[in-house]
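Only one structure is covered here, and it is reproduced in the block below.
A quick note: this is a predicted structure, and the numbers were derived from the prediction, not measured.
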Amino acid sequence: MNSSLPESAIVKQLQDPEERKRIFEQLVNNQQQPVYYFVRKMVLDHEDTHDICQEVFIKVWKGLNSFRGESKLSTWLFRIAHNETITFINKKKRLAGVPLELVEHELGTALQSDELFTGDEIQKRLQVAIATLPTKQKAVFLMRYYDETPYEEMAEITGTSVGALKASYHHAVKKVENILTQG
Amino acid sequence: MSTNQTYKQEKEQLQKEAPTLFALPRMSVFVVPEMYFDLLREEWALRSASTLDKSESTSSFQIPEGYFESARADLIQRISDTPENISIETKNDSALKTPEGYFGQLSEDIFAQTSRASELKEVPVRKLYSTKRFYWLAASAAVLILAVTTFLAQSAEDECITFACLLENTELTEKELIDIYSEDSFESEWTYDGMTEIDILTEDEVHHYLEDDLDWVIENEYN
(Lines give C-alpha, C1' and ligand atoms only; values in the text may rest on other atoms or scores of the structure.)
Protein backbone atom coordinates (compact mmCIF):
# COMPACT_ATOMS: atom_id res chain seq x y z
CA MET A 1 0.00 0.00 0.00
CA ASN A 2 1.05 3.60 -0.32
CA SER A 3 2.06 3.66 3.30
CA SER A 4 4.89 6.04 2.52
CA LEU A 5 2.50 8.55 1.02
CA PRO A 6 0.88 11.06 3.34
CA GLU A 7 -2.87 10.63 3.72
CA SER A 8 -3.54 13.89 1.91
CA ALA A 9 -1.79 12.50 -1.17
CA ILE A 10 -3.88 9.32 -0.97
CA VAL A 11 -7.06 11.39 -0.72
CA LYS A 12 -6.03 13.22 -3.88
CA GLN A 13 -5.32 9.93 -5.66
CA LEU A 14 -8.69 8.55 -4.64
CA GLN A 15 -10.44 11.18 -6.72
CA ASP A 16 -9.25 9.44 -9.86
CA PRO A 17 -11.35 6.28 -10.55
CA GLU A 18 -8.39 4.32 -11.89
CA GLU A 19 -6.19 5.27 -8.96
CA ARG A 20 -9.02 4.46 -6.59
CA LYS A 21 -9.29 0.99 -8.06
CA ARG A 22 -5.55 0.50 -7.74
CA ILE A 23 -5.50 1.70 -4.12
CA PHE A 24 -8.41 -0.55 -3.30
CA GLU A 25 -6.65 -3.59 -4.77
CA GLN A 26 -3.53 -2.76 -2.78
CA LEU A 27 -5.61 -2.38 0.34
CA VAL A 28 -7.17 -5.79 -0.24
CA ASN A 29 -3.75 -7.37 -0.87
CA ASN A 30 -2.10 -5.87 2.16
CA GLN A 31 -4.90 -5.75 4.69
CA GLN A 32 -7.16 -8.68 3.96
CA GLN A 33 -5.21 -11.03 6.20
CA PRO A 34 -4.91 -8.70 9.22
CA VAL A 35 -8.60 -7.84 8.87
CA TYR A 36 -9.52 -11.49 8.43
CA TYR A 37 -7.63 -12.62 11.53
CA PHE A 38 -8.94 -9.76 13.65
CA VAL A 39 -12.52 -10.68 12.71
CA ARG A 40 -11.81 -14.41 13.04
CA LYS A 41 -10.53 -14.00 16.58
CA MET A 42 -13.67 -12.05 17.39
CA VAL A 43 -16.26 -14.44 15.91
CA LEU A 44 -14.15 -17.65 15.71
CA ASP A 45 -16.12 -19.17 12.84
CA HIS A 46 -14.55 -19.04 9.35
CA GLU A 47 -17.84 -18.67 7.45
CA ASP A 48 -18.97 -15.79 9.62
CA THR A 49 -15.57 -14.19 9.22
CA HIS A 50 -15.79 -14.52 5.45
CA ASP A 51 -19.22 -12.85 5.39
CA ILE A 52 -18.06 -10.00 7.61
CA CYS A 53 -14.91 -9.45 5.53
CA GLN A 54 -17.01 -9.26 2.38
CA GLU A 55 -19.19 -6.60 3.98
CA VAL A 56 -16.14 -4.73 5.20
CA PHE A 57 -14.48 -4.53 1.80
CA ILE A 58 -17.72 -3.60 0.05
CA LYS A 59 -18.12 -0.74 2.53
CA VAL A 60 -14.51 0.24 2.03
CA TRP A 61 -14.95 0.39 -1.74
CA LYS A 62 -18.14 2.40 -1.46
CA GLY A 63 -16.62 4.70 1.13
CA LEU A 64 -13.27 5.34 -0.53
CA ASN A 65 -14.82 8.37 -2.23
CA SER A 66 -15.59 9.89 1.13
CA PHE A 67 -12.27 9.06 2.80
CA ARG A 68 -10.99 12.39 4.14
CA GLY A 69 -7.54 11.33 5.29
CA GLU A 70 -8.24 12.22 8.92
CA SER A 71 -6.67 8.90 9.94
CA LYS A 72 -4.46 6.33 8.24
CA LEU A 73 -6.23 4.36 5.52
CA SER A 74 -5.54 1.11 7.39
CA THR A 75 -6.93 2.58 10.62
CA TRP A 76 -10.03 3.66 8.76
CA LEU A 77 -10.33 0.14 7.32
CA PHE A 78 -10.01 -1.40 10.78
CA ARG A 79 -12.63 0.96 12.16
CA ILE A 80 -15.06 -0.38 9.55
CA ALA A 81 -14.03 -3.95 10.35
CA HIS A 82 -14.43 -3.34 14.10
CA ASN A 83 -17.89 -1.81 13.69
CA GLU A 84 -19.06 -4.48 11.27
CA THR A 85 -17.92 -7.24 13.60
CA ILE A 86 -19.63 -5.73 16.63
CA THR A 87 -22.82 -5.20 14.61
CA PHE A 88 -22.66 -8.82 13.47
CA ILE A 89 -22.17 -10.19 16.98
CA ASN A 90 -24.97 -8.05 18.41
CA LYS A 91 -27.30 -9.12 15.62
CA LYS A 92 -26.43 -12.74 16.25
CA LYS A 93 -27.14 -12.34 19.94
CA ARG A 94 -30.51 -10.75 19.23
CA LEU A 95 -31.45 -13.45 16.73
CA ALA A 96 -30.38 -16.21 19.06
CA GLY A 97 -32.54 -14.68 21.80
CA VAL A 98 -30.41 -16.20 24.50
CA PRO A 99 -28.51 -14.53 27.33
CA LEU A 100 -25.19 -12.92 26.46
CA GLU A 101 -23.22 -15.32 28.62
CA LEU A 102 -24.67 -18.30 26.82
CA VAL A 103 -23.79 -16.91 23.38
CA GLU A 104 -20.23 -16.25 24.49
CA HIS A 105 -20.09 -19.75 25.90
CA GLU A 106 -21.41 -21.23 22.66
CA LEU A 107 -18.81 -19.28 20.70
CA GLY A 108 -16.14 -20.81 22.84
CA THR A 109 -17.41 -24.34 22.78
CA ALA A 110 -17.83 -24.18 18.99
CA LEU A 111 -14.07 -24.48 18.83
CA GLN A 112 -14.32 -28.07 19.97
CA SER A 113 -15.69 -29.09 16.59
CA ASP A 114 -13.86 -26.53 14.44
CA GLU A 115 -11.56 -28.24 11.96
CA LEU A 116 -9.95 -24.91 11.14
CA PHE A 117 -8.63 -24.50 14.67
CA THR A 118 -5.16 -25.90 15.24
CA GLY A 119 -4.43 -24.84 18.79
CA ASP A 120 -3.66 -27.25 21.60
CA GLU A 121 -5.72 -27.60 24.77
CA ILE A 122 -4.30 -24.52 26.49
CA GLN A 123 -4.87 -22.43 23.36
CA LYS A 124 -8.45 -23.68 23.24
CA ARG A 125 -8.89 -22.64 26.85
CA LEU A 126 -7.47 -19.24 26.02
CA GLN A 127 -9.91 -18.78 23.14
CA VAL A 128 -12.82 -19.88 25.33
CA ALA A 129 -11.69 -17.40 27.98
CA ILE A 130 -11.47 -14.62 25.38
CA ALA A 131 -14.92 -15.59 24.10
CA THR A 132 -16.40 -14.89 27.52
CA LEU A 133 -15.28 -11.25 27.41
CA PRO A 134 -17.84 -8.59 26.48
CA THR A 135 -17.66 -7.79 22.76
CA LYS A 136 -15.94 -4.40 22.96
CA GLN A 137 -13.54 -5.54 25.67
CA LYS A 138 -12.72 -8.56 23.54
CA ALA A 139 -11.82 -6.34 20.59
CA VAL A 140 -9.54 -4.25 22.78
CA PHE A 141 -7.86 -7.33 24.23
CA LEU A 142 -7.27 -8.91 20.81
CA MET A 143 -5.82 -5.76 19.27
CA ARG A 144 -3.48 -5.17 22.18
CA TYR A 145 -2.51 -8.70 23.20
CA TYR A 146 -1.98 -10.22 19.75
CA ASP A 147 -1.20 -7.28 17.49
CA GLU A 148 0.21 -4.81 20.03
CA THR A 149 -1.78 -2.06 18.34
CA PRO A 150 -0.89 1.33 19.88
CA TYR A 151 -3.58 2.70 22.16
CA GLU A 152 -3.82 5.87 20.07
CA GLU A 153 -4.67 3.85 16.98
CA MET A 154 -7.08 1.70 18.97
CA ALA A 155 -8.77 4.88 20.15
CA GLU A 156 -9.33 5.89 16.54
CA ILE A 157 -10.63 2.44 15.61
CA THR A 158 -12.99 2.02 18.54
CA GLY A 159 -13.91 5.66 19.14
CA THR A 160 -12.95 5.31 22.81
CA SER A 161 -10.46 7.30 24.87
CA VAL A 162 -6.96 5.95 25.53
CA GLY A 163 -7.59 5.87 29.28
CA ALA A 164 -10.76 3.84 28.87
CA LEU A 165 -8.95 1.44 26.54
CA LYS A 166 -6.13 0.89 29.04
CA ALA A 167 -8.62 0.18 31.80
CA SER A 168 -10.59 -2.11 29.52
CA TYR A 169 -7.47 -4.07 28.56
CA HIS A 170 -6.43 -4.38 32.20
CA HIS A 171 -9.86 -5.78 33.13
CA ALA A 172 -9.78 -8.19 30.20
CA VAL A 173 -6.32 -9.49 31.16
CA LYS A 174 -7.47 -10.16 34.72
CA LYS A 175 -10.62 -12.00 33.56
CA VAL A 176 -8.73 -14.16 31.08
CA GLU A 177 -6.04 -14.99 33.65
CA ASN A 178 -8.72 -15.96 36.17
CA ILE A 179 -10.42 -18.30 33.72
CA LEU A 180 -7.12 -19.86 32.67
CA THR A 181 -6.02 -20.52 36.23
CA GLN A 182 -9.44 -21.77 37.36
CA GLY A 183 -9.72 -24.24 34.49
CA MET B 1 6.39 8.28 27.72
CA SER B 2 7.50 6.55 24.50
CA THR B 3 5.60 3.68 22.93
CA ASN B 4 8.44 1.24 23.67
CA GLN B 5 8.46 2.17 27.33
CA THR B 6 4.71 1.67 27.48
CA TYR B 7 5.06 -1.80 25.97
CA LYS B 8 7.85 -2.71 28.38
CA GLN B 9 5.88 -1.58 31.40
CA GLU B 10 2.79 -3.33 30.18
CA LYS B 11 4.66 -6.60 29.68
CA GLU B 12 6.11 -6.39 33.16
CA GLN B 13 2.64 -5.77 34.53
CA LEU B 14 1.25 -8.68 32.50
CA GLN B 15 3.97 -11.00 33.81
CA LYS B 16 3.20 -9.92 37.36
CA GLU B 17 -0.59 -9.93 37.22
CA ALA B 18 -1.26 -12.66 34.66
CA PRO B 19 1.67 -15.09 34.59
CA THR B 20 -0.32 -17.85 32.85
CA LEU B 21 -1.41 -15.55 30.06
CA PHE B 22 2.08 -14.07 29.80
CA ALA B 23 3.64 -17.52 29.44
CA LEU B 24 1.41 -18.52 26.54
CA PRO B 25 2.90 -18.14 23.07
CA ARG B 26 1.05 -15.51 21.03
CA MET B 27 0.55 -17.71 18.03
CA SER B 28 -2.13 -17.84 15.39
CA VAL B 29 -4.31 -20.84 16.04
CA PHE B 30 -6.79 -20.27 13.23
CA VAL B 31 -6.26 -21.71 9.80
CA VAL B 32 -8.08 -20.86 6.61
CA PRO B 33 -9.09 -23.15 3.75
CA GLU B 34 -6.32 -23.76 1.22
CA MET B 35 -5.75 -20.89 -1.26
CA TYR B 36 -8.41 -18.86 0.55
CA PHE B 37 -6.63 -15.52 0.43
CA ASP B 38 -5.47 -15.99 -3.17
CA LEU B 39 -9.00 -16.73 -4.27
CA LEU B 40 -10.32 -13.84 -2.24
CA ARG B 41 -7.80 -11.50 -3.84
CA GLU B 42 -8.89 -12.62 -7.30
CA GLU B 43 -12.52 -12.28 -6.35
CA TRP B 44 -12.02 -8.72 -5.18
CA ALA B 45 -10.04 -7.82 -8.26
CA LEU B 46 -12.93 -9.06 -10.41
CA ARG B 47 -15.48 -7.32 -8.23
CA SER B 48 -13.76 -4.00 -8.29
CA ALA B 49 -13.50 -4.27 -12.08
CA SER B 50 -17.12 -5.26 -12.74
CA THR B 51 -19.80 -5.32 -10.06
CA LEU B 52 -18.52 -2.43 -8.03
CA ASP B 53 -18.06 -0.35 -11.18
CA LYS B 54 -21.66 -1.01 -12.12
CA SER B 55 -22.89 0.20 -8.76
CA GLU B 56 -20.81 3.30 -9.26
CA SER B 57 -22.08 3.94 -12.79
CA THR B 58 -25.70 3.74 -11.67
CA SER B 59 -25.11 6.70 -9.45
CA SER B 60 -24.43 8.91 -12.45
CA PHE B 61 -27.55 7.59 -14.32
CA GLN B 62 -26.20 7.45 -17.85
CA ILE B 63 -28.87 7.36 -20.59
CA PRO B 64 -28.58 6.60 -24.31
CA GLU B 65 -28.18 9.58 -26.62
CA GLY B 66 -31.49 11.06 -27.79
CA TYR B 67 -33.42 8.85 -25.36
CA PHE B 68 -35.98 11.41 -24.23
CA GLU B 69 -36.76 12.57 -27.81
CA SER B 70 -37.50 9.06 -29.00
CA ALA B 71 -39.27 8.12 -25.76
CA ARG B 72 -41.84 10.90 -26.22
CA ALA B 73 -42.66 9.80 -29.78
CA ASP B 74 -42.80 6.19 -28.67
CA LEU B 75 -45.17 7.01 -25.83
CA ILE B 76 -47.55 8.94 -28.10
CA GLN B 77 -47.51 6.07 -30.56
CA ARG B 78 -48.36 3.59 -27.81
CA ILE B 79 -51.23 5.68 -26.49
CA SER B 80 -52.76 5.92 -29.95
CA ASP B 81 -52.64 2.14 -30.37
CA THR B 82 -55.72 0.05 -29.73
CA PRO B 83 -56.06 -1.59 -26.29
CA GLU B 84 -55.76 -5.03 -27.92
CA ASN B 85 -52.43 -4.13 -29.47
CA ILE B 86 -51.13 -2.79 -26.21
CA SER B 87 -52.12 -5.95 -24.37
CA ILE B 88 -50.46 -8.11 -27.02
CA GLU B 89 -47.29 -6.06 -26.76
CA THR B 90 -47.28 -6.36 -23.03
CA LYS B 91 -47.62 -10.10 -23.29
CA ASN B 92 -44.76 -10.35 -25.75
CA ASP B 93 -42.53 -8.15 -23.63
CA SER B 94 -43.10 -10.09 -20.48
CA ALA B 95 -40.55 -12.69 -19.47
CA LEU B 96 -43.22 -14.54 -17.50
CA LYS B 97 -45.49 -16.48 -19.84
CA THR B 98 -49.08 -17.47 -19.17
CA PRO B 99 -51.14 -20.23 -20.88
CA GLU B 100 -52.85 -19.13 -24.08
CA GLY B 101 -56.12 -17.34 -23.47
CA TYR B 102 -55.45 -17.30 -19.73
CA PHE B 103 -56.52 -13.73 -19.10
CA GLY B 104 -59.68 -14.08 -21.23
CA GLN B 105 -60.68 -17.17 -19.25
CA LEU B 106 -59.71 -15.47 -16.00
CA SER B 107 -62.08 -12.56 -16.69
CA GLU B 108 -64.90 -14.97 -17.47
CA ASP B 109 -64.25 -16.92 -14.30
CA ILE B 110 -64.22 -13.77 -12.22
CA PHE B 111 -67.47 -12.50 -13.78
CA ALA B 112 -69.10 -15.90 -13.30
CA GLN B 113 -68.08 -16.01 -9.66
CA THR B 114 -69.11 -12.45 -8.89
CA SER B 115 -72.53 -12.92 -10.56
CA ARG B 116 -73.04 -16.16 -8.62
CA ALA B 117 -72.12 -14.36 -5.45
CA SER B 118 -74.73 -11.67 -6.10
CA GLU B 119 -77.39 -14.37 -6.61
CA LEU B 120 -76.85 -15.75 -3.18
CA LYS B 121 -79.50 -14.86 -0.64
CA GLU B 122 -78.52 -12.44 1.95
CA VAL B 123 -78.18 -14.07 5.28
CA PRO B 124 -79.59 -11.86 8.01
CA VAL B 125 -77.09 -10.81 10.54
CA ARG B 126 -78.09 -11.88 14.02
CA LYS B 127 -76.80 -10.27 17.07
CA LEU B 128 -75.11 -12.66 19.37
CA TYR B 129 -76.65 -10.97 22.38
CA SER B 130 -80.05 -9.43 21.39
CA THR B 131 -82.12 -7.38 23.84
CA LYS B 132 -84.94 -9.93 23.66
CA ARG B 133 -82.58 -12.72 24.54
CA PHE B 134 -81.26 -10.68 27.43
CA TYR B 135 -84.82 -10.24 28.82
CA TRP B 136 -85.42 -13.96 28.54
CA LEU B 137 -82.23 -14.70 30.38
CA ALA B 138 -83.09 -12.15 33.08
CA ALA B 139 -86.59 -13.63 33.51
CA SER B 140 -85.16 -17.15 33.68
CA ALA B 141 -82.68 -16.07 36.29
CA ALA B 142 -85.44 -14.39 38.34
CA VAL B 143 -87.59 -17.54 38.22
CA LEU B 144 -84.63 -19.66 39.17
CA ILE B 145 -83.78 -17.40 42.11
CA LEU B 146 -87.43 -17.45 43.26
CA ALA B 147 -87.55 -21.25 43.07
CA VAL B 148 -84.34 -21.62 44.99
CA THR B 149 -85.51 -19.13 47.64
CA THR B 150 -88.83 -20.96 48.04
CA PHE B 151 -87.10 -24.29 48.30
CA LEU B 152 -84.72 -22.96 50.93
CA ALA B 153 -87.62 -21.43 52.91
CA GLN B 154 -89.47 -24.72 52.73
CA SER B 155 -86.41 -26.55 53.87
CA ALA B 156 -86.12 -24.13 56.76
CA GLU B 157 -89.69 -24.89 57.74
CA ASP B 158 -89.06 -28.61 57.47
CA GLU B 159 -86.17 -28.22 59.74
CA CYS B 160 -88.55 -27.25 62.55
CA ILE B 161 -88.35 -30.64 64.25
CA THR B 162 -87.90 -29.72 67.89
CA PHE B 163 -90.89 -29.79 70.16
CA ALA B 164 -90.48 -26.17 71.20
CA CYS B 165 -90.37 -25.10 67.56
CA LEU B 166 -93.48 -27.06 66.75
CA LEU B 167 -95.29 -25.64 69.75
CA GLU B 168 -94.32 -22.15 68.76
CA ASN B 169 -95.62 -22.59 65.22
CA THR B 170 -99.01 -24.03 66.05
CA GLU B 171 -102.13 -22.93 67.83
CA LEU B 172 -102.44 -26.34 69.49
CA THR B 173 -101.90 -26.82 73.19
CA GLU B 174 -98.90 -28.67 74.49
CA LYS B 175 -101.09 -31.65 75.44
CA GLU B 176 -102.66 -31.80 72.00
CA LEU B 177 -99.29 -31.71 70.37
CA ILE B 178 -97.96 -34.47 72.58
CA ASP B 179 -100.97 -36.55 71.72
CA ILE B 180 -100.49 -35.97 68.00
CA TYR B 181 -96.84 -36.91 68.03
CA SER B 182 -97.49 -39.90 70.21
CA GLU B 183 -99.59 -41.07 67.30
CA ASP B 184 -96.38 -41.49 65.31
CA SER B 185 -96.08 -44.93 66.78
CA PHE B 186 -99.66 -45.62 65.95
CA GLU B 187 -99.14 -44.27 62.44
CA SER B 188 -96.21 -46.58 61.90
CA GLU B 189 -98.30 -49.46 63.12
CA TRP B 190 -101.05 -48.31 60.88
CA THR B 191 -98.71 -48.19 57.95
CA TYR B 192 -97.37 -51.61 58.79
CA ASP B 193 -100.75 -53.17 59.04
CA GLY B 194 -102.47 -50.57 56.93
CA MET B 195 -105.05 -52.70 55.18
CA THR B 196 -106.69 -53.71 58.45
CA GLU B 197 -106.85 -50.12 59.70
CA ILE B 198 -108.08 -48.77 56.35
CA ASP B 199 -110.86 -51.29 56.46
CA ILE B 200 -112.23 -49.78 59.62
CA LEU B 201 -111.95 -46.18 58.36
CA THR B 202 -114.69 -44.51 56.48
CA GLU B 203 -114.03 -43.07 53.07
CA ASP B 204 -114.37 -39.59 54.50
CA GLU B 205 -111.78 -40.32 57.19
CA VAL B 206 -109.32 -41.72 54.66
CA HIS B 207 -109.76 -38.62 52.55
CA HIS B 208 -109.01 -36.31 55.49
CA TYR B 209 -106.01 -38.36 56.53
CA LEU B 210 -104.63 -38.25 53.04
CA GLU B 211 -105.19 -34.52 52.84
CA ASP B 212 -103.36 -34.25 56.12
CA ASP B 213 -106.21 -32.17 57.52
CA LEU B 214 -104.87 -31.75 61.02
CA ASP B 215 -107.78 -29.71 62.33
CA TRP B 216 -110.24 -32.34 61.25
CA VAL B 217 -108.18 -35.11 62.74
CA ILE B 218 -107.94 -33.32 66.10
CA GLU B 219 -111.62 -32.49 66.10
CA ASN B 220 -112.75 -36.02 65.31
CA GLU B 221 -110.11 -38.12 67.01
CA TYR B 222 -109.52 -36.21 70.22
CA ASN B 223 -112.89 -34.68 70.93
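- Side chains of A:His46 and B:Tyr36: a donor-acceptor N/O pair is absent below 3.5 angstrom, by distance only.
- Atom CG of A:Asn178 is separated from atom CG of B:Leu21 by 11.0 Å, given to the nearest 0.5 angstrom.
- In this structure, the portions of A:Lys41 lying under 4.5 Å from any heavy atom of chain B include both its backbone and its side chain.
- Contacts between A:Tyr151 and chain B at a heavy-atom distance below 4.5 Å involve the side chain alone, from C-beta outward.
- Of the atoms belonging to A:His50, heavy atoms from both backbone and side chain fall under 4.5 Å from chain B.
- With a 4.5 angstrom heavy-atom cutoff, A:Val173 touches chain B via backbone and side-chain atoms both.
- Between B:Val32 and A:Tyr37, the closest side-chain pair of non-hydrogen atoms falls below 4.5 Å.
- The main-chain N or O of A:His170 is never found under 3.5 Å from a side-chain atom of B:Gln13 such that the two would form a donor-acceptor pair.
- Ion pairing between A:Lys166 and B:Glu10 fails under the 4.0 Å rule for side-chain N and carboxylate O.
- Taking the centre of each ring, A:Tyr36 and B:Phe30 stay at or above the 6.0 Å mark.
- A distance of 4.5 Å separates CG of B:Leu40 from CD of A:Gln32, quoted to the nearest 0.5 Å.
- Contact between A:Gln123 and B:Pro25 at its shortest, heavy atoms only, is NE2-O, 3.2 Å.
- Interface remark: A:Glu152 contributes no atoms to any contact with chain B (heavy atom separation under 4.5 Å).
- Two residues are said to be in side-chain contact when any heavy atoms from C-beta on lie closer than 4.5 Å; A:Lys174 and B:Glu17 meet this criterion.
- The number of heavy-atom neighbours closer than 6.0 Å to NZ of A:Lys136, taken from other residues, nucleotides and ligands shown, is 12 or below.
- The line from CG of B:Leu24 to OH of A:Tyr145 is 5.0 Å long, rounded to the nearest 0.5 Å.
- In this structure the side chain of B:Phe37 never reaches within 4.5 angstrom of the side chain of A:Val28, judged on heavy atoms.
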